[in-house]
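Keep in mind it's a predicted model, so treat the numbers as computed, not measured. All ligand and atom numbering here is 1-based and tracks the order in the structure.
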Amino acid sequence: MAIVVQKFGGSSVANPERIKAVAKRVVEAKDRGDDVVVVVSALGDTTDELIALARQISERPPKREMDMLLATGEQVSIALLAMAIHELGRPVVSLTGGQGGIITDATHTKAKILHVNTDRVRRELAAGKIVIVAGFQGVTPDYDITTLGRGGSDTTAVALAAALKARECEIYTDVDGVYTADPRVVPSARKLADISYGEMLEMASLGALVLQPRAVEVGAMYNVPIHVRSSFSRETGTLVREERVVEKDLVVTGVAHDVNVAKVGILDVPDRPGVAYRIFSALAQEAINVDMIVQTTKEQQTTDMLFSVSRDDLARAKEIVEAVAKELGARDVIVNDNVAKVSIIGAGMVSNPGVAARMFEALAKADINIQVISTSEIKVSCLVRAEDVLKAVRVVHEAFGLSQADPEAGAAL
Ligand code: ADP
Ligand code: ASP
Ligand code: MG
């Protein structure tokens, strides 16, 4: 019997009616003869509400306690979904992340899965039950509760699918697949039939919320086919897998944007070996991810270093960089959270020299100023003013002919 993993996001289980609809869909899969493992997120905006609640108590709550709080969201949804499936007369059991064998490191609020112990899940499946596992949470080897970062239920689902050697991991969400841009920002965006792990990883890392980047990484590592689809329709969604069969010639596959970005600058820092190492190792020690980095060369013996971090990390990053700046004798530290990032992604970019220029042209024509640029073989990212980012997504999407109705869609440069 094949195992399938089905993951339902927050909006798919936002209220009792939707939970009942999910229960029906799960039972249908079971009736088709598969063993079914279900991963659920917290109801609707529960996680945001819990974060807001914590902020009313403390500006910077201890991360361990944050995890203790946030993990409660998913515990509510697994229990309610199990009750709904029970109502349909099927054997079912709900498990917390820890009970489901999700063992993580102790990096609270951003924990990484170290290992999935599938014993319990397999035992319950063998007993004929539908198994529901709480998304987003795990336990450390010392039984401390952890969470996997925002959107982490995707990673729970893919990791379980990998460990159980499932046939497929279905990610049910509120859009019917992965689009060439966020369909809420670009209504004419086109649904992709499939996308490679590499491109999906870039899209996700660059802000396309639809999958957590770590989920894509785990999927690629263990070759788990990930099917992103809507919990509100029956339509086939987007398959994330090794090789894209269609649309191979597309130079640019999609446009992503990220508003959860802030810029940090350390000004007039002495220009000598070891400075970048000192700054970025201090940030790495605190598990702060640094993204775009630019260093400017000046006439004097000093340099300016600019980089971007997630807005969630800004307060802590500022503290760390201020301390390091003092130690190194830098003149000043500046922070700016009125920025956002727009990116183009595509495996075909590497052999097409004009791609970045076309993006810059589109932004220039729209009078949007670029503050920082970074590129890799399959992406180009630009930091722009926060208020310009949605317009930036639209003009760049347009410039590459990615819209549905566009007869040139997919045309090579
Ligand atoms: P869930 O609660 O199901 O995990 P998320 O809100 O995390 O759902 O992710 C789904 C959302 O991702 C969609 O509502 C959509 O607005 C957003 N999104 C951003 N970029 C894309 C994209 N390229 N394709 C599809 N959806 C995207
Ligand atoms: N509930 C968590 C969040 O909102 C995890 C998830 O939805 O994947 O980030
Ligand atoms: Mg999500």
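Nearest heavy-atom pair, G100 versus L160, reported as atom, atom and distance to 0.1 Å: O-CD2, 4.3 Å.
The atoms of ligand 1 that sit less than 4.0 Å from any heavy atom of G177 are 24 (N), 25 (C). Of all the atoms in ligand 1, the ones that sit under 4.0 Å from a non-hydrogen atom of D174 are 10 (C), 11 (C), 13 (C), 14 (O). In summary, the atoms of ligand 1 found under 4.0 Å from a heavy atom of G10, numbered by their order in the structure, are 2 (O). Taking a cut-off of under 4.0 Å to the non-hydrogen atoms of Y179, the atoms of ligand 1 that pass are 22 (C), 23 (N), 24 (N), 25 (C). Near M203, the atoms of ligand 1 lying under 4.0 angstrom from a non-hydrogen atom of the residue are 23 (N). With ligand atoms numbered from 1 in the order given, ligand 2 contributes 1 (N), 2 (C), 5 (C) to contacts under 4.0 Å with heavy atoms of E74. The V178 neighbourhood of ligand 1 comprises atoms 24 (N), with distances under 4.0 Å to a heavy atom of that residue. The distance from ligand 1 to the heavy atoms of A208 drops below 4.0 Å at these ligand atoms: 19 (C), 20 (N).
Using a 4.0 Å cut-off between heavy atoms, T173 contacts ligand 1 through both its backbone and its side chain. At a heavy-atom distance under 4.0 Å, only backbone atoms of A181 (N, CA, C or O) approach ligand 1. Of all the heavy atoms of S41, the ones lying under 4.0 Å from any atom of ligand 2 belong exclusively to the side chain.
Residues R120 and E124 are paired through a salt bridge, judged by an N-O separation under 4.0 Å between the basic side chain and the carboxylate. Under a 4.0 Å N-O distance rule, the pair D291/K263 does not qualify as a salt bridge.
Here atom 2 (C) of ligand 2 lies nearest to T47 when heavy atoms of L209, T47, D48, D154 are compared. In this structure, of Q212, R150, Q137, K7, the residue bringing a heavy atom nearest to atom 4 (O) of ligand 2 is R150.
Considering backbone and side-chain atoms together, G151 places an N or O closer than 3.5 Å to an N or O of ligand 2. At a 3.5 angstrom cut-off on N or O pairs, K7 counts as close to ligand 1. Residue P183 places no N or O, backbone or side chain, under 3.5 Å from any N or O of ligand 1.
Not a single heavy atom of G10 sits under 4.0 Å from any atom of ligand 2. A heavy-atom separation below 4.0 Å is not found between G151 and ligand 1. Ligand 2 has G152 within reach: a non-hydrogen atom of the residue lies less than 4.0 Å from it.
Looking only at protein heavy atoms, the nearest one to atom 14 (O) of ligand 1 is R184 NH2, 2.7 Å. Among all protein heavy atoms, the one lying closest to atom 15 (C) of ligand 1 is D182 OD1, 3.4 Å.
Residues K110 and D313 have side chains in contact (heavy-atom distance under 4.5 Å, counting atoms from C-beta outward). Contact annotation: the side chain of M359 approaches that of C382 to within less than 4.5 Å [non-hydrogen atoms, C-beta and beyond]. Between I113 and I103 there is no side-chain heavy-atom pair separated by less than 4.5 Å. Within the 4.5 Å cutoff, side-chain heavy atoms of R385 are placed close to those of Q371.
For the atom pair CG of L164 and CZ of R167, the computed distance is 13.5 Å after rounding to the nearest 0.5 Å.
Counting protein heavy atoms under 4.0 angstrom from atom 6 (O) of ligand 1 gives zero.
Heavy atoms of other residues, nucleotides or ligands lying less than 6.0 angstrom from CD of E28 number more than 12. Atom CG of D31 sits in a crowded spot, with more than 12 heavy atoms from other residues, nucleotides or ligands closer than 6.0 Å. Counting heavy atoms of neighbouring residues, nucleotides and ligands inside a 6.0 Å radius, atom CD of E377 does not exceed 12 of them.
Between F307 and F280, the ring-plane angle classifies as perpendicular under the 30° and 60° cut-offs.
Each of I102, T146, L70 was checked for a side-chain contact (heavy atoms from CB on, under 4.5 Å) with F136, and the lone residue meeting it is L70.
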